[in-house]
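Have a look at the structure below before the remarks.
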Amino acid sequence: MTFMKIILKKGVVGIVVGGILVALAKALAFPPVFQAMFFTYAMLGAAVFILLDAPPVKPVSGVKALIALVVFYAILSVVYVGGASLWPQYDPEVEKGKIAKLLKAKRAKVLPERERLDESLRQAEALEAKLRSLTARLNRLAPAASPDAGTFADSLKPTSGPMTLVARGQEVYDLYECYNCHKIGGKGSVKKRGPKLDNIGSLLTIEDLKKKVLDPAYLYAEGFEKQHKKGQMPDKYKDLMSDEEVNALAAYMSTLKNPAVETPRPVFLKTQVEHGFIVYGYVRDRLGKPLPGVEVKATPLKKHGHAASAKANEQGYYEIFIHLHNEDAGVRIAVSAGGLQKEIVANYDPNDKVAKRQATVDFMSPS
Ligand code: HEC
């Protein structure tokens, strides 16, 4: 077989193998760059096999050999550098452009919605003002009708106010991609980087939620101490979010009250013990056997005191976190479980910023 024939034969094999590789790469959804690369590899392979069959070269020596070597290197360098520069190059500007485009689409989606909201709010306010002036006129004309007019006006007050704030908060949550690390309703964070937030509204006040977003060091989720120390939750939202966004986000999160999904209890850092009080203890029967599953409820007996509850675990142990601040020292707390009621006093020193604030309450069921 002449060398020409060998080149033809092996060249064809190379093309066929290259074609198969490209088809495979396509089926596996490799980008075109990779498809071309695989084809080139097949052709390079064919070239190596062709060289194996190439007729031997006359041996050279001395200065000739040296020149031949230098020429060979020169050719190889040109092929390498030239070939490499033919490949598509990575350009950070192009990547930045792509990101900017994505962001622009997102902003374009959000902005008109915000304007629409603002617009309907303005309309609602204008309507309300009109209604007030009409009611006032009505009262002047026919004072007897005023009580009715009053309730009528009340009934027309926009009830959608808080709803839209919450919807806006959900939008902010999505916009800042909190879902990359957190789960709500089973959605988000496949890698389980941060805690589930389904019940966060029962654990944190709006004020505390705002503080956590603006300063992640403010508190940490129990069981996530390591991630907290590493500073995994980004400390950038205070620079990126407007007040309006933070308020809406906190309002939205405060509505997340699904006790069925375990949300880790917030642990306020040593300097911040002044935000919570823990009631803990055991629920047992007469013989001292634990009573798992019994719900224990703790209610601070003060104005706007939020009750909180927890279920006793296998050992009958429960722990309830309630919101009490410095000024609440000495407040009474009603603790109840399975029809039993107890009352304790939250005693702590408002000036002590280190000691944990807690009290233990055990229950013994009579049955
Ligand atoms: C890169 C991952 C990451 C992102 C993004 C992130 N977080 Fe977090 N977040 C965490 C981690 C980890 C924790 C637990 C450690 C800690 O509390 O610092 C946490 C804790 C929290 C907690 C306390 C939960 C509890 O049970 O006490 C809240 C509330 C919270 N994040 C809200 C948000 C909000 C709102 C956003 C979006 C603006 C957000 N996070 C974005 C990682 C993240």
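Order of listing sets the numbers, starting from 1, for every ligand and every atom in it. Residue numbers run from 1 in the order of the sequence given. Since the structure is predicted, the reported quantities are computational estimates derived from the model, not experimental observations.
Set against the non-hydrogen atoms of Gln227, the atoms of ligand 1 under 4.0 Å away are 12 (C). Atoms of ligand 1 lying under 4.0 Å from at least one heavy atom of Tyr220, given by number and element, are 16 (C), 17 (O). Of all atoms in ligand 1, listed by their number and element, those nearer than 4.0 Å to a heavy atom of Thr263 are 26 (O). The Met241 neighbourhood of ligand 1 comprises atoms 38 (C), with distances under 4.0 Å to a heavy atom of that residue.
Residues that satisfy the salt bridge (Lys or Arg N to Asp or Glu O under 4.0 Å) test with Arg265, not counting sequence neighbours, are Glu222, Glu319.
Counting only N and O atoms by type, the side chains of Asn247 and Arg168 include no donor and acceptor under 3.5 Å apart. A donor atom on one side chain and an acceptor atom on the other are found under 3.5 Å apart for Asp208 and Tyr218. No side-chain donor from either of Gln341 and Ser336 sits under 3.5 Å from a side-chain acceptor of the other. For the residue pair Glu245 and Tyr176, a side-chain donor N or O sits within less than 3.5 Å of a side-chain acceptor on the partner.
Nearest protein neighbour of atom 23 (C) of ligand 1, counting heavy atoms only, is Lys212 CE, 3.9 Å. Among all protein heavy atoms, the one lying closest to atom 19 (C) of ligand 1 is His182 CE1, 3.3 Å. Shortest contact from atom 32 (C) of ligand 1 to any protein heavy atom: Met233 CE, 3.7 Å. In this structure, the protein non-hydrogen atom closest to atom 12 (C) of ligand 1 is Arg193 O, 3.4 Å. In this structure, the protein non-hydrogen atom closest to atom 18 (O) of ligand 1 is His228 ND1, 2.6 Å. Of the protein's heavy atoms, Pro264 O, 2.6 Å lies nearest to atom 26 (O) of ligand 1. Among protein heavy atoms, atom 13 (C) of ligand 1 sits closest to Pro195 CD, 3.4 Å.
Not one N, O or S atom of Gln232 sits under 2.8 Å from atom 8 (Fe) of ligand 1.
Taking the ring axis of Phe363 as reference, the NZ or CZ atom of Lys342 stays within 45° of it and closer than 6.0 Å to the ring centre.
Ligand 1 lies nowhere less than 4.0 angstrom from a heavy atom belonging to Glu222. Heavy-atom distances between Ile200 and ligand 1 reach below 4.0 Å in at least one pair. At least one heavy atom of Met253 sits less than 4.0 Å from an atom of ligand 1.
Taking the six-membered ring where the residue is Trp, the centroids of Tyr280 and Tyr318 are separated by 6.0 Å or more.
Phe38 and Phe30 have perpendicular rings, their planes meeting at more than 60° on a 0 to 90° scale where under 30° would count as parallel.
Comparing Cys178, Pro266, Cys181, Gly169 by heavy-atom distance to atom 3 (C) of ligand 1, the nearest is Cys181. Between atom 5 (C) of ligand 1 and the options Tyr176, Tyr237, Tyr179, the minimum heavy-atom separation is to Tyr237. Residue nearest to atom 27 (O) of ligand 1, selected from Pro234, Pro216, Ala221: Ala221 (by heavy-atom distance).
The proximity of Val213 to ligand 1, defined as any non-hydrogen pair under 4.0 Å, is limited to the side chain.
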*May I have the step-by-step check of side chain to side chain contact (heavy atoms under 4.5 Å, CB included) for Ile7 and Asp53, ending in yes or no?*
CA-CA 9 Å; Ile7 293 182; Asp53 282 331; over 6 Å; no
*Might you work through the side chain to side chain contact (heavy atoms under 4.5 Å, CB included) test for Tyr252 and Val172, ending with a clear yes or no?*
CA-CA 9 Å; Tyr252 161 59; Val172 174; over 6 Å; no
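In this structure, Val57 is not a member of the same hydrophobic cluster as Ile67, with clusters built from ILVMFWY side-chain heavy atoms closer than 4.5 Å. Grouping the Ile, Leu, Val, Met, Phe, Trp and Tyr side chains by contacts below 4.5 angstrom, directly or via other members, places Leu69 apart from Val71.
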